Amino acid sequence: MSLKGKAYIMGAWEHPTRDAPDKTTAQLHFESARGALADAGLTFDDVDGYFCAGDAPGFGGMSMVDYMGLRNVRHLDSTETGGSSYILHVGHAVQAIAAGKCQVALITLAGRPRQGQGGRPGGGARPGQLSDGAPEAGFENIYGGSTHNTYGMCAMRHMHDYGTTSEQLAWIKVAASHHAQWNEHAFLKDVVTVEDVVNSRMISDPLHLLDCCVVTDGGGALIVTSPEVARSLNRPKIKVIGSGEAPKGPSGGHGLDLTYSGAVWSGPRAFAEAGVTPADIKYASIYDSFTITVLMQIEDLGFCAKGQGGRFVADGNLISGVGKLPFNTDGGGLCNNHPTNRGGITKVIEAVRQLRGEAHPRVQVANCDLALAHGTGGSLGTRHGAATVILERE
Amino acid sequence: MSEAEAKPAGRVIPAPAVTVESQPFWDAAAEGRFLIKRCTACGKAHWYPRAFCPFCASDDTVWEESPGEGEIYTFSIMRRSPTGPYVIGYVTLDEGPAVLTNFVDCDPDSLRIGQRVKVRFQPTDGGPPAPVFCPA
Ligand SMILES: [Zn+2]
């Protein structure tokens, strides 16, 4: 398929400043975005695709989306190729628009090299010197936030709003451990009980040691090909039939709700594209940095009603061969592997094993022809990116 | 006098990264004043403070002194810390926005979601004092 003529550049704006001692790099991104949108006759609410490179302060565009107040982004790209990034982004934007992933793509660049060390994006500042890093840093990074306690905040509020219990969360670890016992490479192979989890050391209330994922070295890779190449290869064909993405952040602090994740947007987008529903999914890889991560995402993806996740995961409902939604049959991040604290790729890998029929026989889902892999990265307690893919065995 | 207060040196808050955008906030903090940003175009207050309004993209924002009162939205007690347990959480200010912070001057195990809290400033390691919250 040719992409010729599939998208148009409709707004362009060059920031007039050449020396910006009184503004942040983030602010220059914002002002440039506003200028280009005004040039096009569009607003921030029209933007549904955001593209930036390494000059954008923060974490892969998530800081900028939240900072600028972009509320409707469903496509994110922070590919970094130095000074050529933004030309490459135009090409990527055309691909995304042609694929129906977004309609209005915003590409921004900004920086303040004339301001010395403090003008370096992401660069810290020496005491007494002004910083120019992620715009939220000064107001958030000083409070000792970690993955444990920011996810702990989510769990605490989920328990408050919905009556979720530590025992219910523990069932998620129990299910993962039942799967990990069959994985010879799993970091933790011992089957654990609900009592083991709730009696393990409290790390950050209400999350116990066994509510947390493992810390492991390692890696993984995936190959995605065209249909023509796929047909030429002697392997089961796993078709990507749906995908969705969404960032979520505190967005100015109004209506903060830590009981749901960006999966409430990425999930429906993926399901709509695939033309299937949660009830059709035979196997799910669900990001499991902590037990609460799984519980929130199961609700947000629509496997059960909001607030019912605790009841849904209890009594082994996530255990392959036992429950209704077999999940993370490799043992997941909770027991098997969480290479370099990024569990997204192993989620896709185990979904592919299931669809190929190559999971361990003790955890292989019968007739597994439709699977979902979903992840959130960053922190559910502050800002994160959610991504969902739906895969089908052809 | 609460238990936490009676304890010797706890967690030291690192120096906040001050930017040209946030400098007025930290200058006021040094004087013990808690500022938030409000947009005069749409009327909404936001957090963390920006040079523009994240709700309507207007530049017409003003610093406003806040009494720094609100209620606990959520929190977590971090037990795995070499300097002893500390509490991170969000306060929903009476003006609307939610603020990430530490809860201090309290017995962490006594904290409740919905509890009223008030700002105070705590010294940082070589930077301006940082806003933290304690039971009202
Ligand atoms: Zn406004």
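Everything quoted here is computed from the prediction, not taken from an experiment. Naming convention: chains lettered A, B, ... in sequence-line order (proteins, then strands); numbering from 1 in each chain.
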Pair E21(B) + K37(B), salt bridge at N-O below 4.0 Å
no
Any side-chain heavy-atom pair of H384(A) and P247(A) under 4.5 Å:
no
Here the pair of heavy atoms bringing R112(A) nearest to A20(A) is NE-O, 3.0 Å
Between chain A and each of C53(B), P49(B), G114(B), S22(B), count heavy-atom pairs under 4.5 Å; write down the option with the most.
P49(B)
Which residue out of G145(A), P250(A), G381(A), G144(A) racks up the most heavy-atom pairs below 4.5 Å with chain B?
G144(A)
Just one of T24(A), D132(A), D19(A) clears the side chain to side chain donor-acceptor pair (under 3.5 Å) bar with Q115(A), so which one?
D19(A)
For the candidates G255(A), G69(A), G138(A), which exhibits the highest count of non-hydrogen atom pairs separated by less than 4.5 Å from chain B?
G138(A)
What option among P131(B), G89(B), A51(B) has the most heavy-atom pairs under 4.5 Å with chain A?
P131(B)
Under a 4.5 Å heavy-atom cut-off, does chain B meet the side chain of R34(A), its backbone, both or neither?
side chain
Let me know if D22(A) has heavy atoms under 4.5 Å from chain B in its side chain, its backbone, both or neither.
backbone
Under the side chain to side chain contact (heavy atoms under 4.5 Å, CB included) criterion, do L42(A) and V104(A) qualify, and how do the steps go?
CA-CA 9 Å; L42(A) 293 166; V104(A) 176; 3.9 Å; yes
Looking only at the side chains, is there a donor atom on one of S66(B) and E95(B) sitting less than 3.5 Å from an acceptor on the other?
yes
Top residue by heavy-atom pair count (under 4.5 Å) with chain A, among I113(B), V132(B), T92(B), T124(B)?
I113(B)
Region of S251(A) in contact with chain B, defined by heavy-atom distances below 4.5 Å
backbone
Tell me, do R50(B) and Y67(A) make a side-chain contact under 4.5 Å, heavy atoms counted?
yes
Report which part of F44(A) has an atom under 4.5 Å of a heavy atom belonging to chain B: side chain, backbone, both, or neither.
side chain
Ring-ring centroid check F139(A) W26(B), cutoff 6.0 Å
yes
Mind checking whether W47(B) and F34(B) have ring centres under 6.0 Å apart?
yes
As an exercise: rank T101(B), V99(B), D59(B) by heavy-atom pairs under 4.5 Å with chain A and give me the winner.
T101(B)
Under 4.5 Å heavy-atom distance to chain A, tell me which part of P128(B) shows up: side chain, backbone, both or neither.
neither
So that I know where these two stand, are F103(B) and Y86(B) an aromatic pair - ring centroids less than 6.0 Å apart?
no
Between P21(A), P135(A), A33(A), who has the most heavy-atom pairs with chain B when the cutoff is under 4.5 Å?
P135(A)
Best-contacting candidate, Y73(B), F75(B), Y90(B), against chain A by heavy atom pairs under 4.5 angstrom:
Y73(B)
With a 4.5 Å cut-off on heavy-atom pairs, point out which of R80(B), R79(B), H46(B) contacts chain A the most.
R79(B)
Which answer fits D45(A), side chain, backbone, both or neither, if we ask what part of it has an atom under 4.5 Å from a heavy atom of chain B?
neither
